[in-house]
Amino acid sequence: MDTICAISTHPQPAAIGIVRASGPLARDAASRLFRPRNPAYPPYPHSRLVAGALVLPARKFPEISECLLCFFEGPKSYTGEDVCEFHCPGSPMLLGELMEELVRQGCRPAERGEFTRRAWENRRIDLPAAEVLNELIRARTREGMLLAASQMNPALSDRIAAARAALVDTISTLEAAIEFGETDGLSIDRCRMAARLEAQALEQDALAQSFSASRALREGCRVVITGKANTGKSTLFNYLAGCDRAIVHSRPGTTRDVLRETIELGRITVTLHDTAGFRETPSGDEVEAEGIRRTQDILSHSDGAIVVLDGSQPLESADRTVLDTARSKPHIVVLNKIDLGRDQAHQEGIEVSLTRGDGRERIVPAIEEKFGGTEAAQTAPMLMTLRQKRCVMRSASALHRAARVLRSGGDEEVAAEELREASEAMGDLAGEVTPQEVIDRVFSTFCIGK
């Protein structure tokens, strides 16, 4: 195994810069390039910061005092190998000189995510833990950062291990019945086994659904404000955005293009889209027709919707069209204009008068709960990447198919093959049977030096 090195801090002038090396040459690098302030105190193997000077004689560079070095002896280091970290003044040129000296001594520049990849290869962490770490580093919202930090525990890994263990037990039982059933009289209760598999599949379905909530917290969710023309969509958009971004007028059809605004609503980040209202467009009004077409398109690609209805008027065909369109996604119904009365045709919804301000304070908490999940749910294991979601969905689908085979009296060997597919999917999730190109893609998203 060769020794890798990289600058682990941002490549900008700073008070402190860190260069790290991992591999068999790390100990020699620590000895040759760092002089402890106390000569009797070696920089290893104490796994603590030691004060001293950076020495780069081959670079014709003077000693740089007031530096620190920390040596981590494998296999108890982050990567599972010997690791040394040089902490020195954060001059990009100085850090570059140190990198060149490390390369001269036999190290090579690390690739993206290679330190974490070595940690995975040396079984210091599993693949989901590595992905959570990357999400923490790349978090773009405070809630995304807090979510990733809360997921840096073995809860998901433990759940994966438990699911695989249960699958292995079921596969063993089923294969024993297939192999020795006729000769030794072994049999299985197909209905009971099918029920157990369906319960496991439902658990995995629920786990797969956690990806949407985690993505909303990490990246912000795309929410479309939609409804019939002249129900108050733009007024709601302006209220949530905190400024008059959209034109508000009593004449229907004011909004024709899609307006966007990314805002913090409570504890989540939301990109709001104010859209053209659904209605029968005037003959020949191609501009408004295009606005409605864009509304339908952005709604189909959104994470959810806020449906604004005129609560004082009976439901019309345009209202039902909006509700039917939004029903396939998480959505909130806002019943506006209740100051004009409350039509009993409407059922559940947040009753407000956006012009007077009545009930508006209930909208933001409802958006948080609907599109960000509850705070209690965030402490449970959640999927952080699309790769993880696909693995879980693949396993759940195989479990559903196996249960159907058993209930319908199908071939037990077919059911066993489906269970092996489910087990392989969970192994893929943990990174144990993941194809090499997938592993390469996962770690290529890391920054250099991590």
Determine, for Glu351 against Arg362, whether the closest basic-nitrogen to carboxylate-oxygen distance falls under 4.0 angstrom. no
Measure the shortest side-chain to side-chain distance between Asp303 and Pro330 over non-hydrogen atoms and say whether it is less than 4.5 angstrom. no
Please confirm whether the backbone N or O of Leu309 pairs with a side-chain atom of Asn336, one donor and one acceptor, at under 3.5 Å? no
Return yes when atom CD of Glu348 has more than 12 non-hydrogen atoms of other residues, nucleotides or ligands closer than 6.0 Å, and no otherwise. no
Side chains of Asp310 and Thr231: donor-acceptor distance under 3.5 Å anywhere? no
Could you check if a side-chain atom of Gln151 sits within less than 4.5 angstrom of a side-chain atom of Glu131, using non-hydrogen atoms only? no
From Met382 CE over to Ser214 OG, what is the distance, rounded to the nearest 0.5 angstrom? 5.0 Å
Rounded to the nearest 0.5 Å, what's the gap from CG on Asp358 to NZ on Lys337? Could you check? 14.5 Å
Kindly say whether Lys329 contributes a backbone atom to a donor-acceptor pair with the side chain of His331 at under 3.5 angstrom? yes
Minimum heavy-atom distance between Met145 and Leu136, given as atom pair plus value: O-CD1, 3.5 Å
Just checking, any donor-acceptor pair under 3.5 angstrom between side chains of Asn134 and Thr445? yes
Between Asp428 and Arg390, does any NZ, NE, NH1 or NH2 come within less than 4.0 Å of an OD or OE carboxylate oxygen? no
I'd like to know whether Val364 forms a side chain to side chain contact (heavy atoms under 4.5 Å, CB included) with Leu240, so could you lay out the CA-CA distance, the side-chain angles of the two residues, the decisive distance to 0.1 Å, and finally the verdict. CA-CA 8 Å; Val364 171; Leu240 294 174; 4.0 Å; yes
Please determine whether side chain to side chain contact (heavy atoms under 4.5 Å, CB included) holds for the pair Ile263 and Leu272, giving the CA-CA distance in whole Å, both sets of side-chain angles, and the decisive distance to 0.1 Å. CA-CA 8 Å; Ile263 55 176; Leu272 286 176; 3.5 Å; yes
Set out, in order, the CA-CA distance, both residues' side-chain angles and the distance that settles salt bridge (charged side-chain N to carboxylate O under 4.0 Å, His left out) for Arg401 and Glu421, then state yes or no. CA-CA 10 Å; Arg401 292 194 299 269; Glu421 168 71 12; 5.2 Å; no
Taking Thr3 for the side chain and Leu25 for the main chain, is one N or O donor matched with an acceptor at less than 3.5 Å? yes
Applying the side chain to side chain contact (heavy atoms under 4.5 Å, CB included) criterion to Ile350, which one of Val308, Ile332, Leu335 satisfies it? Ile332
Start with the C-alpha distance between Thr385 and Gln388, add both sets of side-chain angles, then the distance that settles side chain to side chain contact (heavy atoms under 4.5 Å, CB included), and finish with yes or no. CA-CA 5 Å; Thr385 69; Gln388 293 176 352; 3.1 Å; yes
Residue pair Leu429 / Arg387: nearest heavy atoms and the distance that separates them: O-NH2, 3.0 Å
Check whether any side-chain N or O of Arg159 sits under 3.5 Å from a backbone N or O of Pro381 as a donor-acceptor pair, and report yes or no. no
Pair Glu424 + Arg164, salt bridge at N-O below 4.0 Å: no
Would a 4.5 Å heavy-atom cut-off, applied to side chains only, mark Thr79 and Arg124 as touching? no
Look at Glu114 together with Arg108 and state whether they make a salt bridge at an N to O cut-off of under 4.0 Å. yes
Start with the C-alpha gap between Met193 and Leu174, add the side-chain angles, then the distance that decides, and say whether side chain to side chain contact (heavy atoms under 4.5 Å, CB included) holds. CA-CA 9 Å; Met193 181 176 287; Leu174 193 55; 4.1 Å; yes
Main-chain N/O of Ala166 paired to Arg196 side chain as donor or acceptor, under 3.5 Å: no
Are Ile4 and Cys107 packed together at the side-chain level, in the sense that at least one heavy-atom pair is separated by less than 4.5 angstrom? no
Any side-chain heavy-atom pair of Ile18 and Phe86 under 4.5 Å: no
Would you compute the distance between atom CG of Leu207 and atom CE of Met393 and round it to the nearest 0.5 angstrom? 11.5 Å
Is the backbone N or O of Phe446 less than 3.5 Å from a side-chain atom of Arg112, with the two atoms forming a donor-acceptor pair by type? yes
Measure the shortest side-chain to side-chain distance between Gln204 and Leu399 over non-hydrogen atoms and say whether it is less than 4.5 angstrom. yes
Strictly by modelled atom types, are Asp339 and Ser353 linked by a side-chain donor-acceptor pair under 3.5 Å? yes
Working to the nearest 0.5 Å, report the span between CD of Glu111 and OG of Ser444. 10.0 Å
Would you say Glu85's side chain and Phe71's backbone share a donor-acceptor pair under 3.5 angstrom? no
Under a 3.5 Å cutoff, is there a donor and acceptor pairing between the side chains of Ser22 and Tyr78? no
Do the side chains of Cys84 and Arg27 get nearer than 4.5 Å, heavy atoms only? no
Non-hydrogen atoms of Pro365 and Glu361 that approach each other most closely: CD-O, 3.2 Å
Value rounded to 0.5 Å, distance of CG in Leu340 from OG in Ser312: 4.5 Å
Output yes when a side-chain donor or acceptor of Asn153 lies under 3.5 Å from a complementary backbone atom of Ser150, and no otherwise. yes
Determine, step by step, whether Glu121 and Arg117 satisfy the salt bridge (charged side-chain N to carboxylate O under 4.0 Å, His left out) criterion, reporting the C-alpha distance in whole Å, the side-chain angles of both residues, the deciding distance to 0.1 Å, and the verdict. CA-CA 6 Å; Glu121 290 172 342; Arg117 180 166 186 156; 3.4 Å; yes
Do you know the tightest heavy-atom contact between Leu197 and Ala402? CD1-CB, 4.0 Å
Main-chain N/O of Ala130 paired to Thr116 side chain as donor or acceptor, under 3.5 Å: no
Here the pair of heavy atoms bringing Asp205 nearest to Ala396 is OD1-CB, 3.3 Å
Is there a side-chain contact between Arg394 and Ser397 (heavy atoms, below 4.5 Å)? no
For atom CD1 of Ile137, is the number of surrounding heavy atoms from other residues, nucleotides or ligands below 6.0 Å larger than 12? yes
Answer yes or no: is there a donor N or O on one side and an acceptor on the other, between the side chain of Arg190 and the main chain of Gly410, under 3.5 Å? yes
Atom CE of Met152 and atom CE of Met384: how far apart are they, to the nearest 0.5 Å? 10.0 Å
Step-by-step salt bridge (charged side-chain N to carboxylate O under 4.0 Å, His left out) determination, Glu198 to Arg407: CA-CA 11 Å; Glu198 286 170 346; Arg407 286 195 183 278; 3.0 Å; yes
Please enumerate all residues that pass ring-ring contact (aromatic ring centres under 6.0 Å, His included) together with Phe211, with sequence neighbours excluded. none
What one should report as the nearest heavy-atom pair of Leu315 and Leu323 is CD2-CD1, 4.4 Å
